[in-house]
Q: 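I have a structure here, written as structure tokens, and I will follow up with some questions on it.
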Amino acid sequence: MALLPILHYPDPRLRTHAEPVATVDAPVRQLIDDLLETMYAAPGIGLSATQVNVHKRVIVVDTSEQRNEPHAFVNPVIERADGFQEREEGCLSVPGFFETVKRADHIRVAALGRDGRPFELEAEGLLAVCIQHERDHLDGKLFVDYLSRLKRQRIKSKLKKQGAARSNGQR
Ligand code: GNR
Ligand code: NI
């Protein structure tokens, strides 16, 4: 197991379109385990391979209170999306910013599991939001893309300064 470093907006690598996984082999299972470990340590309720600079279609989520219901999705496809909900979102790649985003309220997702078997899951509420948020990462999309340009620009310039300060050894 390993903790993986998480890319921060506006890193252009977060805009990469991830490639489908051909077979759920040992390296993919290792990636899933590392994503889960990194997500729990952060702590976060979801994480995509994109955020750790691995451009394969793999996401993990756990929205349970006890943090003991890990879900892994390989090549996830949202087959149905119904209704709307608005919820405050954050992102481990956009640290410190939280904004309301409108998304589908009820989804059905099809994917391969950690065991390589196809499965489908129906989700609503926070779990549905989290799966949609992670699925977006695989196409290089971030929750800030749903905000006004003004809000996005403010977030971008603040995070750019923080990133510059970090690489200067100022923080
Ligand atoms: O930890 C996270 N919390 C969260 C809260 C509301 C909506 C989405 C999320 S996902 C986020 C972790 C993350 O950045 N995943 O990509
Ligand atoms: Ni995110």
Side-chain angles (χ1 to χ4, degrees), residues 4-11 13-18 32 34-114 119-160 162-163:
L4 307 172
I6 296 175
L7 301 177
H8 287 177
Y9 178 71
D11 191 313
R13 293 172 290 182
L14 287 167
R15 298 309 192 178
T16 310
H17 190 276
I32 288 169
D34 291 345
L35 286 171
L36 284 167
E37 187 183 2
T38 305
M39 176 191 78
Y40 285 123
I45 60 172
L47 192 64
S48 61
T50 304
Q51 290 170 280
V52 299
N53 200 32
V54 175
H55 301 291
K56 293 183 180 155
R57 302 187 80 80
V58 178
I59 66 176
V60 298
V61 308
D62 187 346
T63 56
S64 70
E65 289 283 335
Q66 313 276 334
R67 319 277 294 141
N68 60 357
E69 292 173 29
H71 293 281
F73 303 82
V74 175
N75 301 337
V77 176
I78 295 175
E79 296 185 308
R80 284 196 60 168
D82 298 296
F84 292 99
Q85 58 177 321
E86 285 193 309
R87 206 175 275 271
E88 187 147 285
E89 296 196 18
C91 180
L92 294 170
S93 296
V94 189
F97 295 89
F98 301 88
E99 297 286 348
T100 301
V101 176
K102 190 173 173 183
R103 296 199 189 259
D105 175 49
H106 189 130
I107 62 167
R108 188 168 73 202
V109 58
L112 302 178
R114 191 183 178 284
F119 71 98
E120 289 192 334
L121 179 76
E122 301 234 2
E124 55 189 17
L126 181 61
L127 179 59
V129 164
C130 190
I131 293 168
Q132 291 171 82
H133 174 118
E134 301 316 331
R135 169 67 188 71
D136 275 354
H137 277 300
L138 302 182
D139 287 342
K141 189 159 185 173
L142 298 163
F143 85 91
V144 297
D145 299 336
Y146 296 99
L147 308 179
S148 68
R149 195 158 76 188
L150 178 64
K151 274 191 178 171
R152 189 167 50 253
Q153 287 300 330
R154 281 183 179 154
I155 293 171
K156 185 192 278 187
S157 68
K158 285 181 187 165
L159 284 176
K160 257 189 180 170
Q162 288 177 21

Q: Please answer whether the main-chain N or O of L14 pairs with a side-chain N or O of T50 as donor and acceptor at a distance below 3.5 Å.
A: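 Checked: no pair found.
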Q: So, taking the atom named CG in L35 and the one named CD1 in I59, what distance separates them when rounded to the nearest 0.5 Å?
A: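 Rounded to the nearest 0.5 Å, the CG-CD1 separation comes out at 10.0 Å.
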Q: From L47 CG over to C130 SG, what is the distance, rounded to the nearest 0.5 angstrom?
A: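 Taking CG in L47 and SG in C130, the distance rounds to 9.5 Å.
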Q: Please report the shortest heavy-atom distance between Y9 and L159, naming the atom on each side.
A: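 That would be O-CB, 3.5 Å.
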Q: Output yes when D11 and K160 qualify as a salt bridge under the 4.0 Å nitrogen-oxygen rule, no when they do not.
A: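 Result for this pair is no, no salt bridge flagged.
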Q: In the structure I gave you, are the side-chain heavy atoms of L7 and V52 within less than 4.5 Å of one another anywhere?
A: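 Heavy-atom side-chain distance check fails, nothing below 4.5 Å.
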Q: On the 0 to 90° scale, with breaks at 30° and 60°, tag the H133-F143 ring pair as parallel, tilted or perpendicular.
A: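 Rings of H133 and F143: parallel, as their planes differ by under 30°.
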Q: Mark yes or no for whether Q153, through its side chain, and L150, through its backbone, hold a donor-acceptor pair below 3.5 Å.
A: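 No; zero donor-acceptor contacts below 3.5 Å.
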Q: Any heavy-atom pair between the side chains of I45 and R67 that's under 4.5 Å?
A: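 In contact.
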Q: Could you tell me the separation between the CZ atom of R108 and the CG atom of L121, rounded to the nearest 0.5 Å?
A: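 Going from the CZ atom of R108 to the CG atom of L121 covers 11.0 Å.
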Q: I want to check something: taking the side chain as every heavy atom from C-beta on, are E69 and D62 in contact at a cut-off of under 4.5 Å?
A: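 Sidechains of D62 and E69: in contact.
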Q: Using side-chain heavy atoms (C-beta onward) and a distance below 4.5 Å, is E120 in contact with V109?
A: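 With C-beta onward as the side chain, the pair stays apart.
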Q: Using a 6.0 Å distance limit plus a 45 degree cone around the ring axis, check whether K141 lies over the aromatic ring of Y146.
A: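 Output yes; distance and angle both within limits.
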Q: I'd like to know if the side chain of S48 and the backbone of L138 have a donor-acceptor N/O pair within less than 3.5 Å.
A: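 Side chain of S48 to backbone of L138, a donor-acceptor pair under 3.5 Å: no, none is there.
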Q: Can you find a heavy atom in the side chain of P70 that is under 4.5 Å from one in the side chain of Y40?
A: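 Sidechains of Y40 and P70: in contact.
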Q: Working to the nearest 0.5 Å, report the span between NZ of K56 and CD1 of I32.
A: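 With rounding to 0.5 Å, NZ (K56) is 10.5 Å from CD1 (I32).
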Q: Could you give the distance from CD1 (I131) to CG (D136), rounded to the nearest 0.5 Å?
A: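 Spacing of CD1 (I131) from CG (D136) equals 12.5 Å.
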Q: Got a donor-acceptor contact below 3.5 angstrom from the R152 side chain to the V144 backbone?
A: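 Yes; judged by distance alone, with no hydrogens or angles, the pair exists.
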Q: Could you walk me through whether D82 and I107 satisfy the side chain to side chain contact (heavy atoms under 4.5 Å, CB included) test, starting with their C-alpha distance in whole Å, then the side-chain angles of each, then the deciding distance to 0.1 Å, before giving a yes or no?
A: CA-CA 6 Å; D82 298 296; I107 62 167; over 6 Å; no
Q: Answer yes or no: is there a side-chain heavy-atom contact under 4.5 Å between L112 and F119?
A: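 L112 vs F119: side chains apart.
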Q: Please report the shortest heavy-atom distance between P43 and L92, naming the atom on each side.
A: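 What the structure gives for the nearest pair is O-CD2, 4.1 Å.
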Q: Please determine whether a side-chain nitrogen of the Lys or Arg among D139 and R57 lies less than 4.0 Å from a carboxylate oxygen of the Asp or Glu.
A: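 Judged by the 4.0 Å cut-off on N to carboxylate O distance, D139 and R57 do form a salt bridge.
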Q: Under a 4.5 Å cut-off applied to non-hydrogen side-chain atoms, are E134 and F73 in contact?
A: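 No, side chains not in contact.
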Q: Find the distance between CG (D105) and CD (Q85) and round it off to the nearest 0.5 Å.
A: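 Interatomic distance, D105 CG to Q85 CD, rounded to 0.5 Å: 4.5 Å.
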Q: Is any side-chain heavy atom of R15 closer than 4.5 Å to a side-chain heavy atom of P10?
A: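 The answer is no; the side chains never approach within 4.5 Å.
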Q: Any side-chain to backbone donor/acceptor pair from E99 onto E89? Under 3.5 Å, distance only.
A: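 No, because the side chain of E99 does not come within donor-acceptor range (under 3.5 Å) of the backbone of E89.
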Q: Which heavy atom in I6 sits nearest to a heavy atom in S93, and how many Å separate them?
A: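 Heavy-atom minimum between the residues: CG2-OG, 3.7 Å.
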Q: Does E86 pair with R103 as a salt bridge, N-O distance under 4.0 Å?
A: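 No.
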Q: Return yes if some donor-acceptor pair links the side-chain N/O of Q132 with the main-chain N/O of A128 below 3.5 Å, else return no.
A: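 Answer holds: yes.
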